[in-house]
Amino acid sequence: MTYEEGFFYVIAAVTVIGALGVVTAKNVVHSALFLILALLGVAAVFILLASEFLAIVQVLVYGGAVTILILFAMMLTRARDVEGSLDGPQRPFAALAAITFMVTTILAVTKTEWRGETEEATVVDINQIGDALFTTWSVPFEIASLVLMVALIGAIILARGEEGE
Amino acid sequence: MLASLVANGTITQIKDFAPVISDVFDDYIAVLIATILGFVLVGTALIGNLVLSPRQKTEHKGVTYECGMLTIGRSRAQVHFRYYLFAILFLIFDIEAVFLFPWAVSFVRLGEQAFWEMMVFIGILAFGLAYAWKKGVLRWR
Amino acid sequence: MILQIAGNVWADAAVRMLIVSLLVPVGVIMLTWVERKVIGRLQQRLGPMRVGPYGLLQGVADTIKLITKEDVRPNTADRWTFELAVFVIVVPVFMAAVALPFTADIFVRNMALGLFYILAVSGLGIVGFVMAGWGSDNKYALLGGVRAGAQLISYEIPLILAAVAVAMLGQSLNLYTLVALQDDTPFIAYQPLAFIIFAIAGLAELYRQPFDIPVAESEVVGGPSVEYSGIRWSMFQMAEFVSLVLISVLASLIFLGGWIWPFSADNAGWLQALLMAIKTTMFILFFMWMRATLPRLRIDQLMALCWQILLPFAFLQIIINGLVLVYDWPDYTLTILSGAAAIAMGTLVYQTARRTGVLYQAPGIAQRVGSVL
Amino acid sequence: MIPIDNFLVLSAILFSLGMYGVLARRNAVLILMSVELMLQAVVINFIAFAVYLSPDAFTGVIFAVFVIVIAAAEVGLALGIILRVFRNRQISNVDEADLMKW
Amino acid sequence: MTDRPKIEVYEVKDDPQLSRSDIISPGLRREIKSLEPVPNDPSQGNAAYRQILPGIMQMPADWLIAWGRKSSLWPLTFGLACCAIEMISTFMARHDLDRFGIVPWPSPRQSDVMIVSGTVTKKMAPAVKLLYEQMPSPKWVISMGACATNGGPYTRYDRVLQGVDKIIPVDVYVPGCPPRPEALMDAFMALQRKIMEERGKIGKSA
Amino acid sequence: MLGILKAMGTTVRAAMRRPVTVQYPTEKKVLPHRSRGLPVLLWDFDKDEPFCTGCQVCARYCPVDCMTVTMKDNPKKATGKSSRKKIVDDFFIDYARCMRCDICVEVCNFDAIVMNNTWEGVELSRYDRQDLVMDLDTLLKQSHTGQLKDPFREPMGVAHSGWSPKSEEEDAEAAAAAKPPGEGGEG
Amino acid sequence: MATIDYTIPGERDLETVDIHVNVGPQHPATHGVFRMVLTVDGEVVTDVDPVIGYMHRGNEKLPENCDYRQVIGYHDRTDYLAQFNTEHCFVEAVEKLTGIVPTERSQYIRVILAELNRITSHLMFVGAFGTDLGVFGTSFMYAFRDREYVQEFFEEITGERMMYNYFRPGGVAWDVPENFTERCNQVVGQIKRGLEDLHGLLSNNEVVLARCRGLSRVTVDDAINWGLSGPLLRATGLAHDIRKTEPYSIYDRFDFDIPVGTEGDVLDRMMIRLEEMKQSVRIIEQALRDLPQGPTMAEGMKRILRVPEGEIYMRVESPRGEYGVYMVATGTDKPYRHKVRGASFCNLSALRAMSVGHYLADVVIILGSIDIVLCEVDR
Ligand code: SF4
Ligand code: SF4
Ligand code: SF4
């Protein structure tokens with residue numbers, strides 16, 4: 001196996017550990033911190049997939065913004081770290097379902113013969129992204145801005161109350 | 001000047017200033033090394049501290065510091081929701097920055113259309129900001 | 001000419017990074033001494049004098065003292081959060097140092113998206129402050145931590161937007177390209193407004209006066225680091241000083257023409273180093289000067305300054321740049337427009353501060369109390 | 001070169017972990033974080049297919065960008081809803097938020 | 001379990017008296033009993049390098065560490081009474097303690113030496129003791145002024161502690177009411193001498 | 001912005017000036033003549049004995065009663081060398097408690113005690129609080145060895161508190177009036 | 001004082017449980033060992049619970065078994081920033097009871113020293129206030145640079161840097177040195193120069209204006225009801241200064257102005273103190289101009305001062321406000337009852353009313369603007 005694969009396995013391990021922590025940690029803040037770990041691992045996976053821009057976006061949006069948001073929300077809802085209060089009684093069924101899904105998908109993925117699989121990952125340059133984004137994808141781009149604005153206003157209204165004081 | 005410079009591809013020659021072939025993978029290997037070194041530096045400092053510093057357990061050494069008084073009530077209390085509002089604002093504008101960076105490096109090539117697209121984008125978000133402003137979210141009260 | 005230290009690219013990067021990480025403690029030790037001396041002089045006294053000649057060894061002594069100091073963890077603190085916060089605060093600074101060249105020869109890696117990368121990575125440290133504040137189970141630390149979170153994220157936006165303005169001028173995110181473009185005119189001449197915004201936001205990112213609200217000694221006693229002791233606490237200082245240097249280097253790269261302006265692109269290595277040293281030191285001294293002079297803002301004023309003044313003007317700068325570049329107006333229009341906007345911002349702030357009680361918004365309960373009491 | 005299957009398997013694992021979280025957790029914020037994990041898995045798939053299988057790679061990347069953006073917006077909104085529920089009912093557990101109105 | 005916030009604050013707020021006692025007295029009640037003196041332990045705990053390092057190398061290490069400690073003594077910003085004013089003016093520009101590398105820090109976690117500058121009343125004593133215990137070792141105490149040393153002018157008043165060494169071990173005593181800034185500096189230099197003399201002791205507890 | 005600029009200008013101007021710092025251990029400012037260190041006793045050179053007769057007036061008037069004085073018959077009186085009937089036998093001052101109020105100096109009828117106006121009266125840090133209780137020899141040493149050049153005796157002696165020609169009844173009155181106030185805390 | 005209802009609709013968007021934060025007794029912002037328990041809702045302080053008594057050391061009781069000369073030392077230590085003012089109050093009280101007339105020269109010396117002491121006290125305030133505002137110690141440094149000059153001058157006269165014990169019933173302990181006048185002029189010049197720095201650093205700074213303007217406004221009626229005095233009272237616009245309203249020593253011979261504020265906010269309190277220093281300088285210059293020669297101690301003082309039977313309340317304008325002494329004498333050489341009216345104590349009692357509903361950062365500077373001296377609060 002090439003050294004790249006070695007890196008991949010390390011990174012994948014880190015990511016999976018992070019994800020496991022997220023779903024099993026007994027303390028909400030701890031699972032939020034595990035979430036950071038998982039997200040950074042995913043960013044590293046993006047690097048392995050030769051899409052640098054996306055990795056940086058991942059770090060910028062998730063490493064900085066989303067995690068802070070979640071941490072604040074947590075401290076705000078005062079989700080206490082009480083044993084067992086975080087998981088419901090349905091845990092075993094959830095585990096069952098998750099494992100079934102995982103096994104089936106993995107089988108499907110490994111069995112499939114991907115046609116047109118390139119030997120080299122095509123490196124994505126930021127200029128290409130810019131060109132595509134502002135020519136072919138201009139409409140979704142604008143819509144995204146609308147979505148963001150709606151999210152902003154909605155969040156404000158929800159957090160402050162209808163009349164916004 | 002700059003625009004013309006960019007237009008007739010002077011940038012491409014200027015890119016040659018870059019001494020090392022900016023190969024993505026190698027870059028991030030360096031980042032990995034840096035991360036490891038950072039951990040190593042802090043770790044060595046902490047280990048040195050572990051070895052060199054005297055350890056003395058007294059009764060109240062671990063008591064939370066609160067101006068010489070004992071803590072009243074729970075310390076890990078609830079933060080205020082305004083912090084959360086500013087986090088939301090930050091999130092939104094952070095995402096805008098995500099779109100701004102590719103735009104910044106390519107809008108001259110793409111010409112007017114891209115420029116005005118981004119202007120509309122900024123305008124819409126600016127409306128969101130104005131709404132927040134009007135709602136007094138920005139005024140901490 | 002490329003200074004290739006080791007044959008293999010990775011080994012080369014490793015060696016360079018190793019040098020950096022060895023330089024960091026030394027630099028921090030020297031910087032503490034410099035800061036105490038400079039602030040001492042600004043306060044009409046002599047700083048450290050008796051530890052070594054002119055107190056030169058002061059930083060060394062402090063380091064020895066701190067490393068041989070007991071490392072206390074409060075009983076009620078959340079162990080892992082408390083102890084890992086230090087790493088989360090320090091490591092991103094190192095990661096950012098990778099992409100930051102000092103001169104054409106002194107660098108670690110030259111990234112295609114260097115600017116974007118640095119801005120993204122430096123945002124990671126914020127989580128560390130929130131962790132420290134939450135983990136140490138202390139009210140001052142918690143207040144300081146959330147304050148740090150709110151302040152740093154808020155000021156990251158103007159910082160990023162100012163950087164975008166620079167990237168627009170250079171049509172690139174590569175710091176080498178950006179520096180190379182400033183061989184005859186530094187970007188500060190094109191967009192003073194962006195520079196001012198960058199300086200203010202950078203100052204706030206370093207949480208120094210007048211933006212030292214997270215670590216305010218007279219309110220939250222030292223903020224997130226209140227429960228940390230010994231070398232673990234000094235890591236906070238180290239992160240602060242290193243990011244001080246990073247911000248100064250970045251500013252002098254993207255605004256003051258880095259190692260090229262005012263000389264030609266192919267000036268000698270030592271000259272480049274000298275130029276960068278001068279420019280960086282200028283910034284650092286300026287930050288220290290501000291620290292010794294200015295009082296502290298209040299948190300609502302801080303947020304108001306960021307969201308109501310810096311952010312709109314940053315957008316204004318971006319729009320100006322876009323117009324000038326797209327319609328290929330002459331350069332001086334850019335300078336004029338941006339300068340005018342900068343003056344407008346200054347007068348706006350001046351007026352706001354001067355008018356009675358505009359910046360002071362009583363949080364509401366006050367009136368009730370006034371009536372009740 | 002890493003075979004594409006690795007990425008797909010990784011994303012499958014992430015997705016099912018997120019699924020477990022969504023099903024097992026009761027705290028709304030934790031459920032939200034699990035949803036984030038699932039979205040990340042999806043994004044990994046997008047990029048993997050894009051850079052390995054598609055001639056113009058950046059389409060997938062742009063899709064990924066949009067996914068990230070919308071996900072972030074969704075986090076903001078969802079947390080807003082959770083805070084709203086918390087404000088009115090002082091609860092942050094989804095089991096108890098069972099009334100349609102209060 | 002339902003995660004409802006206890007709104008104890010609002011409930012007790014209806015009766016100010018109740019809230020007062022509720023807020024303040026628990027602290028006080030716990031304070032009262034904690035007035036027995038801190039045992040004086042010159043070794044200040046156990047340092048690992050005492051076991052690891054061979055004896056021949058310990059002496060230079062000791063010297064270096066002691067030098068570092070004596071060259072950066074960080075006192076706790078902690079003013080009690082009139083003496084605090086002279087302490088402040090010692091920190092100020094005219095007699096500049098920063099020359100010795102002495103800068104005050106507000107949190108006991110980051111400070112090495114506690115200047116007990118003024119009268120220690122019996123109400124204040126638990127706080128002083130707690131702050132001293134919160135300081136990470138090695139730590140030292142300077143008893144500044146007559147009051148801190150043995151009650152001074154107020155020694156005849158029963159609410160005043162007859163000397164701070166009744167509750168915490170004191171290293172250096174400075175006479176005077178208040179001591180001149182030079183006297184405080186002299187105390188610091190005496191403390192530095194003491195640190196150098198006792199460098200072998202620290203970290204070597206039996 | 002102007003105010004901020006003004007403030008920054010102020011700090012820079014301050015940086016231009018000479019620092020006001022006096023580097024204490026190396027350069028010491030001259031203590032003023034009247035400077036009050038801690039009380040010391042004076043040595044009568046021509047009689048070759050302390051001025052102090054142990055009359056204990058100072059001990060009575062000391063607000064914090066930090067002095068202990070005992071008197072004895074002067075052996076030199078017998079040999080006619082001295083005119084003093086009584087002489088101090090033992091004299092302790094607890095410097096750790098003295099509040100430097102200068103009252104002992106005012107009330108002493110024999111100009112026997114003064115406030116130390118040299119640096120020895122300042123640099124008195126001790127590792128043990130017992131070392132701050134000075135006995136007769138320590139108190140006399142300064143003046144005996146002549147380090148105490150010219151101590152400050154206020155020109156009117158104790159006149160300012162009503163110095164009238166001394167008479168027995170007034171002394172007795174004084175003794176009666178000025179009981180050691182209150183009981184001492186811990187010695 | 002009525003209790004505040006804590007559920008104000010619209011102000012608590014998300015019901016947050018308030019946290020109680022101890023500020024003090026050891027805190028850089030509480031001058032001395034003052035302790036307040038702040039009830040903080042996010043950043044807003046919804047209740048302030050002051051706790052005093054950490055410095056209660058019998059400053060009123062102990063003098064009752066000291067004779068009248070020893071009491072002076074304890075008055076030094078009551079308000080340890082304005083020692084000469086406190087001594088002045090006490091000796092005036094004794095003189096009024098006994099009918100001793102202090103000599104002219106001693107009166108002038110007293111006034112000069114008291115005014116200089118007012119300046120040092122206000123300098124201390126400005127320094128500490130700047131630090132509360134967040135200046136990195138600079139204002140403190142400048143203020144103490146000038147304060148040192150004055151303290152050294154005091155030492156040349158009295159021999160002590162802080163606890164002077166210099167005034168006596170009937171005059172002053174001993175005469176001032178020969179070069180008194182020129183040294184005093186020199187010191188005054190240094191103070192004037194130093195005030196320039198402080199003004200440049202604080203009084204015009206936008207950040208200070210933004211922080212202090214309109215903060216915790218107090219109306220005249222409130223101020224009178226709360227029993228405020230000194231700069232706090234004058235900041236509300238009421239020109240009440242005991243040196244003018246009932247001139248005690250020889251203050252009626254000098255002409256000086258009483259700076260009054262308009263808003264009653266924190267900024268006014270700071271500016272008033274900065275201005276009062278200038279006025280004190282004016283008084284000192286006039287007093288130096290016509291400083292008479294002559295004895296500094298009244299004639300015919302008995303060796304043991306016995307105060308005839310009677311009681312008196314004497315008050316002076318100390319830098320912090322009205323400093324009063326109530327004394328009952330029974331003919332012995334010790335006061336029978338000895339009570340001190342501390343200005344800081346009465347001003348501090350308004351802290352809760354002034355600071356509830358403000359930001360955490362503001363409560364700190366409001367407390368700083370009251371300028372308390374803990375030994376005077378607790379005594
Ligand atoms: S020793 Fe004197 S100056 Fe110091 S606190 Fe006690 S009374 Fe005040
Ligand atoms: S010092 Fe003076 S007053 Fe005191 S015992 Fe000696 S002679 Fe008497
Ligand atoms: S100076 Fe005062 S306190 Fe000291 S010994 Fe003399 S009388 Fe007593």
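So that the names make sense, note that chain A is the first sequence line, chain B the second, and so on, each numbered from 1. FYI, side chains are in, hydrogens and waters are out, and symmetry mates aren't considered; it's all heavy atoms of this structure.
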Residues of residues 10-17 of chain A with a heavy atom under 4.5 Å from any heavy atom of chain D, in residue-number order, are Ala12(A), Thr15(A), Val16(A)
Hey, which of Ala144(A), Gly154(A), Ala151(A) has the most heavy atom pairs under 4.5 Å with chain D? Ala151(A)
Looking at side-chain heavy atoms only, is the closest gap between Val42(A) and Leu14(D) below 4.5 Å? yes
Using heavy-atom distances under 4.5 Å, tell me whether Leu79(D) contacts chain A through its side chain, its backbone, both, or neither. side chain
Where does Ala95(A) contact chain D at under 4.5 Å (heavy atoms): side chain, backbone, both or neither? both
Interatomic spacing from CZ in Phe15(D) to CG in Leu8(D) - rounded to 0.5 Å: 13.5 Å
Using a 4.5 angstrom heavy-atom cutoff, name the option from Leu152(A), Ile99(A), Leu133(A), Val57(A) with the most pairs to chain D. Leu133(A)
Will you find, in the side chains of Asp5(D) and Thr110(A), an N or O donor that is under 3.5 Å from an N or O acceptor? no
I'd like to know which of Gly21(D), Ser16(D), Ala12(D), Gly80(D) tops the heavy-atom pair count under 4.5 Å against chain A. Ser16(D)
So which atom in Ala41(D) and which in Ser11(D) form the shortest heavy-atom distance, rounded to 0.1 Å? CB-O, 3.2 Å
Which one wins on heavy-atom pair count under 4.5 Å against chain D: Leu69(A), Val66(A), Leu96(A)? Leu69(A)
Heavy atoms only: give me the nearest Ala155(A)-Gly76(D) pair and the separation to one decimal. CB-O, 4.2 Å
So do the side chains of Met33(D) and Arg25(D) get within less than 4.5 Å of each other, counting heavy atoms only? no
Given a strict heavy-atom distance threshold of 4.5 Å, which part of Leu17(D) is in contact with chain A: side chain, backbone, both, or neither? both
Heavy-atom cut-off 4.5 Å, strictly under: side chain, backbone, both or neither for Phe46(D) against chain A? neither
Can you pull out every salt bridge (charged side-chain N to carboxylate O under 4.0 Å, His left out) where at least one residue sits in residues 131-158 of chain A? Sequence neighbours excluded, please. Asp131(A)-Arg109(B)
Need one label for Ala32(A): side chain, backbone, both or neither, based on atoms under 4.5 Å from any heavy atom in chain D. both
Most contact-rich option vs chain A, by heavy-atom pairs under 4.5 angstrom, among Ile44(D), Leu32(D), Val69(D), Val75(D), is Ile44(D)
Which pairs with one or both residues in residues 28-46 of chain A pass side-chain hydrogen bond (donor to acceptor under 3.5 Å, both in side chains), sequence neighbours excluded? His30(A)-Asp78(C), His30(A)-Thr81(C)
Leu48(A) vs Phe7(D) side-chain heavy atoms within contact, under 4.5 Å: yes
Pairwise side-chain contact, Gln58(A) with Val43(D), heavy-atom cut-off 4.5 Å (strictly under): no
Under 4.5 Å between any side-chain heavy atoms of Tyr9(A) and Asn6(D), yes or no? yes
Close side-chain approach of Val28(A) to Val29(D), heavy-atom, < 4.5 Å: no
Heavy-atom side-chain contact between Ile31(D) and Leu23(D) under 4.5 Å: no
Ile13(D) versus chain A, heavy atoms under 4.5 Å apart: side chain, backbone, both or neither? both
For chain D, the option from Val147(A), Ile70(A), Val61(A), Val150(A) that forms the most heavy-atom pairs under 4.5 Å: Ile70(A)
Checking Tyr62(A) against chain D: side chain, backbone, both or neither under 4.5 Å from a heavy atom? side chain
Just checking heavy atoms, which of residues 100-107 of chain A are less than 4.5 Å from chain D? Phe101(A), Met102(A), Thr105(A), Ile106(A)
Contact leader toward chain A among Ile68(D), Ile70(D), Val65(D), where contacts are heavy-atom pairs under 4.5 Å: Ile68(D)
Rounded to the nearest 0.5 Å, how far apart are OH of Tyr20(D) and OG1 of Thr24(A)? 7.5 Å
Part of Val45(A) lying under 4.5 Å from any heavy atom of chain D: both
Segment of Ile81(D) engaging chain A (4.5 angstrom heavy-atom cut-off): both
Euclidean distance, Leu30(D) CG relative to Glu36(D) CD, rounded to 0.5 Å: 12.5 Å
Rounded distance [0.5 Å steps], CZ in Phe46(A) versus CZ in Phe53(A): 12.0 Å
Quick one: does Leu10(D)'s side chain get under 4.5 Å of Phe8(A)'s, heavy atoms only? yes
